[in-house]
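Okay, structure first, notes after.
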2 protein chains.
Amino acid sequence: MTAEAAMRVLIVEDDPVHRAFLREAVEVALPECDTVFEAEDGQSGERVAREHRLENVIMDLQMPQRTGVDAARTIWRERPATSILFWSNYADEAYVRGVSRIVPEGAAYGYLLKSASEDRLRLALRSIFLENQCVIDKEIRGVQQKSQDRSSGITDAEYEILLDLAIGLTDRVIAARRHMSLRSVQNRLQHLYGKLGVTHGETGEEAVFNLRTRAVSVAMLRKLLNRTALEQAEEEFRRWRERS
Amino acid sequence: MTAEAAMRVLIVEDDPVHRAFLREAVEVALPECDTVFEAEDGQSGERVAREHRLENVIMDLQMPQRTGVDAARTIWRERPATSILFWSNYADEAYVRGVSRIVPEGAAYGYLLKSASEDRLRLALRSIFLENQCVIDKEIRGVQQKSQDRSSGITDAEYEILLDLAIGLTDRVIAARRHMSLRSVQNRLQHLYGKLGVTHGETGEEAVFNLRTRAVSVAMLRKLLNRTALEQAEEEFRRWRERS
DNA sequence: AACGAATTTGCGGGAACCCGCAACGGGAGA
DNA sequence: TCTCCCGTTGCGGGTTCCCGCAAATTCGTT
């Protein structure tokens, strides 16, 4: 038991400029914080959080080696009550999906864009770390909404097959992996094509697009997919493959 | 003719934290610089450079709306003697290719990673803006080398078809667009597959991968491709399509 | 229990893809 | 000039993809 409410914060951020900026912001916004830890990648972020039993984390999302999502997952697995503020450059749906997939029941978390004003950042820091409130950037909210919308949004099932598609699997392998018939895979693909609005080309002439590749392309352009999501899917597939 | 060597510098960078950091660095490293202009996207960067006839630019690469490469291209088109220091987060081959494709004969330019030390940055500023020397980060050099290597590197022709592939075109459309026969397209594709090391799968069993999509996937993972490159290719294709 | 809607699966076929084989053509060097 | 090498083109085939049609199954609702 610490005598006073001595708060400690961990900053996980690879960019030194941003790291310094965050430390400054924490010191200004949270005078009750007496110690600021820093880590410059997900790997060591996990380690420091574990060693010092830290409960307040500011986490960059895109980092080399080990993503912010990865790090947050293991941190939350070890102590689900940790408060994490995600601090990211982009509002890609791929990231938003990644985060909301791992946040545990009742945990306080936040999702702020780096373009947010300093005031907003300071407010978010106090809300999350002192009052355990969730703070989600408005833009992120929009993405969350859209991704859950029935009509334009993409189902989890469809997202799953999109990943399989994106790493280049054949229909047959997808069928084997997901325990479906070949035809079902093709069905899901057609749904996906519909949702993404990919067609062979405007008119009824000859095909302009290869739907398979085109789907990946527009998913990328719409930021449904990004390299990080790809890497993760690749890794999962590798693991599945090893145990036959 | 300015009476003294009154240098002026333009900083084009969307992230306010980095922008402030850069301004600071310029003021320290270049005391002979008396005016620092700032722009927060490619669009206005071009405008400011044009209006004030600036010859020294620091340019972020990934920016919303209009890329650093785009902005640099038009700036250099208007005044090829401009010195530009590119300042980027990543050493993706896609970016490196994009830059070295547009740098005009004899222009001074630099390519620094944001992870470089402040000393390195200051040194680069002086080298480029005062002595018109090119300064390329070592990591970037490595990428440049590799991309020009005969064996592992990818030809411009192959890169071109990779882009067509990535935006989802069919063989036939690629053939029409590039004025080749269908078979030639398929040939190039096979070369590409070879270079990227994509196969149907390890053993001689059934195919695990769809080569087409798989190629895009590994190109992404290897950072040969990124979303920006995709966008650009998409745009070019659209233009080609309009004039039949 | 019964009904309707959404998924799953099979069948079949046309189109696109992947690719080995072979001939042709143009540029580099002996 | 002759030859060698590389890129292009055609042909033919096996495979995979894309998808309409229709029966079967699942699931939620009344």
Side-chain angles (χ1 to χ4, degrees), chain A residues 149-219, chain B residues 149-151 153-162 164-219:
Chain A
D149 182 14
R150 262 269 161 268
S151 58
S152 72
I154 287 202
T155 316
D156 282 348
E158 283 154 2
Y159 190 70
E160 195 174 54
I161 212 174
L162 172 59
L163 289 177
D164 286 341
L165 199 64
I167 61 177
L169 303 186
T170 60
D171 291 0
R172 180 161 26 201
V173 174
I174 301 179
R177 182 180 184 193
R178 305 298 183 191
H179 309 293
M180 292 189 295
S181 79
L182 222 173
R183 190 57 178 92
S184 290
V185 172
Q186 297 177 335
N187 257 334
R188 276 169 137 85
L189 283 178
Q190 269 174 267
H191 284 172
L192 183 66
Y193 298 154
K195 287 282 185 66
L196 292 177
V198 285
T199 64
H200 282 299
E202 287 77 55
T203 81
E205 316 156 21
E206 291 161 332
V208 174
F209 292 122
N210 171 320
L211 299 189
R212 199 150 253 270
T213 323
R214 182 64 179 165
V216 176
S217 182
V218 321
Chain B
D149 181 16
R150 262 269 161 266
S151 58
I154 287 201
T155 316
D156 282 348
E158 283 154 1
Y159 191 71
E160 194 174 56
I161 212 175
L162 171 61
D164 285 343
L165 198 64
I167 61 176
L169 302 187
T170 60
D171 291 359
R172 180 161 27 200
V173 174
I174 301 179
R177 183 181 183 192
R178 305 299 183 189
H179 308 293
M180 292 190 295
S181 81
L182 222 173
R183 190 57 179 92
S184 290
V185 173
Q186 297 177 335
N187 259 332
R188 278 170 136 84
L189 282 177
Q190 270 174 266
H191 285 170
L192 184 67
Y193 298 154
K195 288 282 185 69
L196 292 177
V198 284
T199 63
H200 283 300
E202 287 79 52
T203 81
E205 315 156 21
E206 291 160 331
V208 174
F209 292 122
N210 172 320
L211 299 189
R212 202 150 250 270
T213 324
R214 183 64 180 164
V216 177
S217 183
V218 321

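Throughout, protein chains are lettered first and strands after them, A, B, ... in sequence-line order, and every chain is numbered starting at 1.
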Practice task
Before giving the answer on side-chain contact (heavy atoms from CB on, under 4.5 Å), spell out for A/Ile167 and B/Arg214 the whole-Å C-alpha distance, their side-chain angles and the decisive distance to 0.1 Å.
Solution key: CA-CA 6 Å; A/Ile167 61 177; B/Arg214 183 64 180 164; 4.1 Å; yes
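- Regarding contacts with the backbone of C/dT9, a side-chain N or O of A/Ser184 is found under 4.0 angstrom from either OP1 or OP2.
- Rounded to an integer number of Å, the gap from A/Arg214 CZ to C/dC17 C1' is 19 Å.
- Spacing between atom CZ of B/Arg178 and atom P of D/dG7 amounts to 18 Å, rounded to whole angstrom units.
- Between A/Ile154 and A/Leu196 there is a side-chain heavy-atom pair separated by less than 4.5 Å.
- Applying the side-chain hydrogen bond (donor to acceptor under 3.5 Å, both in side chains) rule to A/Glu160 yields the partners A/Arg178; only residues at least two apart in sequence or on another chain are considered.
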Nucleotides 24-26 of chain C: which of its N/O atoms have a protein N/O under 3.5 Å away?
none

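- One can place CZ of A/Arg188 at 8 Å from C1' of C/dT7, the figure rounded to the nearest angstrom.
- Annotation: side-chain hydrogen bond (donor to acceptor under 3.5 Å, both in side chains) contacts of A/Arg177 (sequence neighbours excluded): A/Asp164.
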Practice task
Take A/Thr170 and B/His200 through the side-chain contact (heavy atoms from CB on, under 4.5 Å) test and state the conclusion after the steps.
Solution key: CA-CA 9 Å; A/Thr170 60; B/His200 283 300; over 6 Å; no
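- Taking CD1 of A/Ile161 as the reference point, atom CG of A/Leu169 lies at 10.0 Å (rounded to 0.5 Å).
- Residues that satisfy the side chain to side chain contact (heavy atoms under 4.5 Å, CB included) test with A/Arg183, not counting sequence neighbours, are A/Ser181, A/Gln186, A/Asn187, A/Gln190.
- With sequence neighbours excluded, no residue satisfies side-chain hydrogen bond (donor to acceptor under 3.5 Å, both in side chains) with A/Arg188.
- For A/Arg212, the salt bridge (Lys or Arg N to Asp or Glu O under 4.0 Å) test picks out A/Asp171, with sequence neighbours left out.
- Each end of the helix from C/dA1-D/dT30 to C/dA30-D/dT1 gets its own axis from five base pairs, and the two axes differ in direction by 30°, given to 10 degrees.
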Fill in the blank from the handout: Going 5' to 3' through nucleotides 13-26 of chain D and flagging B where a protein heavy-atom sits under 4.0 Å of the base, S where only the sugar-phosphate is that close, and - otherwise, we get ---SSBBBB-----
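- Residues satisfying the side-chain hydrogen bond (donor to acceptor under 3.5 Å, both in side chains) criterion with A/Thr199, sequence neighbours excluded, are absent altogether.
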